[in-house]
Structure formats: C-alpha cells, structure tokens
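The analysis underlying the following values was restricted to heavy atoms, covering all of them including side chains, and did not include hydrogens, waters or symmetry mates. Throughout, protein chains are lettered first and strands after them, A, B, ... in sequence-line order, and every chain is numbered starting at 1.
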Amino acid sequence: MDDYSTYYAIQKTYKEKVIRQNQLPATVQYIAGADVAYDDRTQRMIGAIVVLDADSLDVVDESAHEMEITFPYVPGLFSFREIPSLIQAFEQLKIRPDLLICDGHGIAHPRGVGMATHLGIELDIPTIGCAKKRLTGAYDKATLGNERGDWLPLELDGATIGAALRTRKDVKPMFVSIGHKVDLDTAMDWVLKACTEYRLPETTRAADGLVNRLITNY
DNA sequence: GCGACAG
DNA sequence: ATCTTGTCGC
C-alpha cells in the first residue's frame, strides 16, 4: 500500500476526458448529492446517493451501498476510496439525476481529477465539485466579500480551476469546481440554488444525513 | 528539507 | 472522515 503509480496513471488518462462545457439537459429536473461514512472498527463503509427535486429540493429517491474499505485516505487519491460504494449506490437508483453535486473537488485538484470529475467520467453524467476545504489553488482571502454569492476564482499556475464561493453571509466559503459536463458559472448557480439555509448544499446534507443514520445503526 | 494536504 | 462539551448568536 505505498505505490500509487497505477492510480496516478488512471488520473492522467481521465484528465483528457473531462468535458468543461455545459452538457446539462434543457430542463434539470433532478439533482443529487453523494456522501460516504466509515466504520474503522469493522473496516466497512456506506456510500449513498440522494436525489432531490431541483425546484422543491424534496427528496425523491435515495440509495445506499455498504462494503469493505479497500483504499486508504490519501489526499489527491481520495476518489479511489469512496467511488466503489458510490457507483454501486448510483446503479440502484430508480430515478437518475441530471446533475450530481459531490462532497469533494472536481478539477480543483493537483492533477485535475478530483472526486467529482472521476465520478462524472465513470458515470458519464454532469457533476460538480463542492468541497468544504481547499485542496490546491489560491485566492485572495482578504478580498472575498462576505455576502451570499460573493466569490473569487481559485487559481493554479495562472489558470482558474474553480471558485471560492460564499454560500451564506459570513460563513467560510465553499470550493466549487467543474466536475464533468458543466461550466464553472453553471456549477456555482446550482450550488447556490441548493444552498438554502446552510453553508452546505441540501444535496450534500441529505446524503450525509442518510449515511450517518445508516452507519449508526450497523 | 519544510509545509500543505478534499473526506 | 471520526472522536466530543460547551458556548455564542439569531
């Protein structure tokens, strides 16, 4: 468990497959959130996808999958740890979402292939990276406004890889980036639309709530 | 060599 | 991620 070269190679091929243009359906009816919870005692994890109606944000479908933890947590290879359970959960859904908002980064990643991008390419659906913490890239913290909707580009090597977006007044910003098949502006629009009362989007909160309920009872 | 480092 | 009490504010 110390030679990750094969995984870096996979990321290198995936980086070329990312679609940065908007490829959402004309009408986005369903959006989804994904999250995973762990039980280190049993070395098991539960991944879940929760689908919400894009307008009302009511939960319309959800699915979870429990399995063994097979990959350690390594910043930069995070997706390889969570994706197996999320793929399984996704396949069991009755309602396929038009857009998936992930709890982690998209292309705002050292090699351009974070969780949201990796999942988007494997599932071939539009995805957005929406992380609570910065992984790479920089922005002028002191210049970022404090109002909901205020944002600054997250830059790396002179390129914009994402955005530090304030989803509520006076809270720490969220880090939004393209996952797959969406552009950054559209991604920020959807994240803001999904953030009604909390810093985190309702999609992420719904998935987080589900996996934590399940992990507690097993 | 010294930090930084999604969940 | 997960482990955990109180506390400040709307």
Tell me, please, which residues at least two apart from [X] pass ring pair (Phe, Tyr, Trp, His ring centres under 6.0 Å).
X        : result
A/Phe175 : A/Tyr139
A/Tyr14  : A/His118
A/Tyr8   : none

For A/Ser5, check side-chain contact (heavy atoms from CB on, under 4.5 Å) against everything at least two apart and list the hits.
A/Asp3
Tell me, please, which residues at least two apart from A/Glu16 pass side-chain contact (heavy atoms from CB on, under 4.5 Å).
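Partners of A/Glu16 by the side-chain contact (heavy atoms from CB on, under 4.5 Å) criterion come out as none, since no residue qualifies.
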Do any of residues 184-216 of chain A sit with a heavy atom less than 4.0 Å from DNA chain B, and if so which?
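Nucleic-acid contacts, sorted: none.
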Is DNA chain C part of any stem, that is, at least 3 consecutive Watson-Crick or G-U pairs with both distances under 3.5 Å, and where?
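Stem list for DNA chain C: empty.
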Would you find a donor on one side and an acceptor on the other, under 3.5 Å apart, between the side chain of [X] and the backbone of [Y]?
X        : Y        : answer
A/Asp124 : A/Ile121 : no
A/Ser56  : A/Asp58  : yes
A/His109 : A/Gly76  : yes
A/His180 : A/Ile19  : yes
A/Thr204 : A/Gly33  : no

Using the benzene-type ring in the case of Trp, are the ring centres of A/Tyr7 and A/Phe71 under 6.0 Å apart?
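That pair passes the under 6.0 Å test.
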Using a 4.0 Å cut-off on protein heavy atoms (strictly under), produce a 5'-to-3' string for nucleotides 2-7 of chain B with B for base contact, S for backbone-only sugar-phosphate contact, and - for none.
--SSBB
Strictly under 4.0 angstrom, non-hydrogen atoms only: write out the protein contact profile of nucleotides 5-10 of chain C, one letter per nucleotide from the 5' end, B, S or -.
------
Could you tell me whether A/Ala37 contacts a base, only the sugar-phosphate backbone, or nothing, with contacts defined as non-hydrogen atoms closer than 4.0 Å?
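Answer is sugar-phosphate: A/Ala37 comes under 4.0 Å of backbone atoms only.
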So how far is it from A/Asp61 CG to A/Leu93 CG, rounded to the nearest 0.5 Å?
5.0 Å
What residues, two or more places apart in sequence or in another chain, satisfy side chain to side chain donor-acceptor pair (under 3.5 Å) together with A/Asn22?
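Partners of A/Asn22 by the side chain to side chain donor-acceptor pair (under 3.5 Å) criterion, ordered by chain and then number, come out as A/Thr186.
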Among side-chain atoms of A/Tyr4 and A/Gln11, is any donor-acceptor pair under 3.5 angstrom?
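No, A/Gln11 and A/Tyr4 have no side-chain donor paired with an acceptor closer than 3.5 Å.
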For residues 193-203 of chain A, tabulate all N or O donor-acceptor pairs below 3.5 Å that involve a side-chain atom, not counting sequence neighbours.
from: A/Arg199; atom 1: NH1; to: A/Lys172; atom 2: O; distance (Å): 3.3
from: A/Arg199; atom 1: NH1; to: A/Pro173; atom 2: O; distance (Å): 3.0
from: A/Glu202; atom 1: OE2; to: A/Arg205; atom 2: NE; distance (Å): 3.4

Given Watson-Crick and G-U pairs under 3.5 Å, DNA chain B in dot-bracket ([ ] crossing, | other strand) is .......
